[in-house]
Amino acid sequence: MTQTSAPVASSAPIIKKPPTNTAFKDRSKPEHVRDSNIIAAKSIAEAVRTSLGPKGMDKMIQSADGSVTITNDGATILKQMQVMHPAAKMLVELSKAQDIEAGDGTTTVVVIAGALLEASSKLLAKGIHPTVISESFQRASAKSREILQSVSQKVELADRQSLLKSASTSLNSKVVSQFSSQLAPIAVDAVMKVIDPASACNVDLRDIKLIKKLGGTVDDTELIEGLVLDQKASGYDGPKRVEKAKIALIQFCISPPKTDMENNVIINDYTQMDRILKEERQYILNIVKKIKATNCNVLLIQKSILRDAVNELALHFLSKMKIMVVKDIERDDIEFICKSLACKPIASLDHFNTDMLGQADLVEEVSAGSSKVVKFTGVANPGRTVSILVRGSNRLVLDEADRSIHDALCVIRCLVKERALIAGGGAPETELVIRLSEHANTLTGMEQYCYKAFAEALEVVPYTLAENAGLNPIATVTELRNRHAQGQYTAGINVRKGLITDILEENVVQPLLVSQSAISLASETVRSILKIDDIINTA
C-alpha cells in the first residue's frame, strides 16, 4: 500500500508591491517648481534690462496683425509680449502695478525683481528656508523705504524748476528724449492747471486729454487751455468758425424716428411717398427751430448706434441757420466735455433750454497735419481740464510721444502725492546697498545673510545703467560705492560724461514715490514667487 504525502509549500518569499497612487504622479518637487518659477521670471527681467536708463536700447514689437511698435517703456513691452509661464506673468502684472501706482520706473521694478530672484536662488542653494528669505526681504524692503525717506529732499509744487527737472529726467530715457525741453513744461503746466496746488493730494489724469494727430513734428505739440475735439465740423457749407459761441451737447438724434422692431412700410402711390417725405422734413425742421430758439450756435451730437445721429437734411437746415455741427461725439468723452465747457448733456428736446448751454469766446475748425480738429478757446466758467494736441511725423513716433508725455504727467502726479525728490543715476540704489549692508552687520543668523543678499541685488540698477551707457560696469559701480561710503549720497552715474558726479548738479532727479514703489512692489512679487511650492493644473 502506497502512502501519498501532502504537497509542501514553497519556501520562496512573497513580495507585495506597494500600492501606487496615480493621483500624485505629475506633482513636481517644491525645489524644482521654485527653480522653474525663478528661471521663468528672470528671463522676463533679462528681456527688458537693456532698455533701462537714458542710454537704454529700444524694442521693436511686431503684433500678429503686422503692426509695429517701437518703445523702451517697460510696461508697454511686457503688455505686448506673449507670456505663457504663470510666474513670468506675475512680472508682467508687477510692471502694470508700478505703472498704475507711479507711472514711471516700470523697467526698473522688473529688473530689481529679477535681481532679487537671483539672490533668492543663491540663498535657497545654501539651504535657507523660503519663509525665512521671504520675511527677511519684507523687513529689508521696509528698511529701504526708511533710508530713501532720509535721503530725500522736500519739494513744493510752487517750485517750478524742480518739477521741470523731474519731468525732464523721465523724458530723457525715452525715444523722444531730444524733445524733453519742449514736452517737460507742457506736462508740468497741464498738471498744475487741473489741481489746486495748496490742497491737492492726487491728480486725476482723466482731466488731461491727449489727442494724437499725424503730421508735423513732436516740436508742434501744444497745450490748449480749453477743449480740442478729434472730430471735424460737419456739413459742406456749414460754419467753420463761431465767435461768442453758445454750445449745446445733445444725446438725441436729429433724424427721422425708427421703431424698435423691424418693420416695412408699403406705399401704393406716389402721393403717399410725398407725404412721408414732407412729414420727415417737418419733423426735422421743428427740432432745428427749437434748437435755434435758444440762440445755440454750436451743436455737439453724441454718436448713435441705432440710427444716424444727424442726417443730410438736418445738416442742411442747421447750416442755413448758421449753427456749427460736430457729430460722432463718443459716449466716453461726454463727462470730460461737460466739465470743460460747463455745459450739461441734453437727453431730449423737452429739456433743451439756455441753462443747459456752455459758452466760449471762439470755436473754430483748424488744420492739424493732414486732418482737422475743432478748438474751443475762451471758455466761460471753465472746469479744471486741459487738452494736449500731440503731433508726430509718423505713427511710431506719435505713439511713443503719447506714452512719454503720459509718463511725464505721472511723474508730476507722484510729486503731488508725495512731495519729495531723490537723486537719480543709480544714487539711491547704491546708498541702499551701503546702508543695508551696515544694518545687516547688526543682525544675527539667517536674517543677516538675507539682508546682505537683498542689498547686493539692488546693485543691479547702477550696474545696468553703466552697462547700457557703454561704460565698464564693474569699475563704475566700484567707484560709485566708494563715493557713497565716503558720505556722498548724491553721487550717481553721469551717462553723458561717462563719469561719477554729483547727480543733483546735473538736474537728474526723480520722485521719491517712484523708487519706494519699485522696491516695495518688487519685493512683494518675489515673496509671492518664493512661497509657491507647487503648480497644480486644473481641467
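Everything numeric here is computed off the predicted structure, so don't read it as measured data. Nothing fancy with the numbering, it's 1 onward along the sequence.
V175 is not listed as a side-chain neighbour of T71, based on a closest heavy-atom distance of 4.5 Å or more. With a 4.5 Å cut-off on side-chain heavy atoms, K417 and C414 do not count as touching.
With respect to D73, the salt bridge (Lys or Arg N to Asp or Glu O under 4.0 Å) criterion is satisfied by exactly one of K174, K59, R403: K174. Tested against L94 for a side-chain contact (heavy atoms from CB on, under 4.5 Å), the candidates I44, L521, I112 yield a single pass: L521.
For the residue pair K213 / S371, a side-chain donor-acceptor distance below 3.5 Å is found, with atom types taken as modelled. Checking E225 against T377 by side-chain atom types alone, no donor-acceptor pair falls below 3.5 Å. Checking T106 against Q98 by side-chain atom types alone, no donor-acceptor pair falls below 3.5 Å. Remark: the Q182 side chain and the T221 side chain contain no N/O donor-acceptor pair separated by less than 3.5 Å.
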**OP:** Output, in order, the C-alpha distance, side-chain angles, deciding distance and verdict of side chain to side chain donor-acceptor pair (under 3.5 Å) for S141 and R145.
**Re:** CA-CA 6 Å; S141 172; R145 290 198 297 274; 3.2 Å; yes

**OP:** Let me see the working for S177 and N172 under side chain to side chain donor-acceptor pair (under 3.5 Å), right down to the final yes or no.
**Re:** CA-CA 4 Å; S177 58; N172 280 337; 5.6 Å; no

**OP:** Might you work through the side chain to side chain donor-acceptor pair (under 3.5 Å) test for D196 and S199, ending with a clear yes or no?
**Re:** CA-CA 6 Å; D196 178 9; S199 60; 3.1 Å; yes

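Considering only residues two or more places apart in sequence or on other chains, V460 meets the side-chain contact (heavy atoms from CB on, under 4.5 Å) condition with V111, A115, T464.
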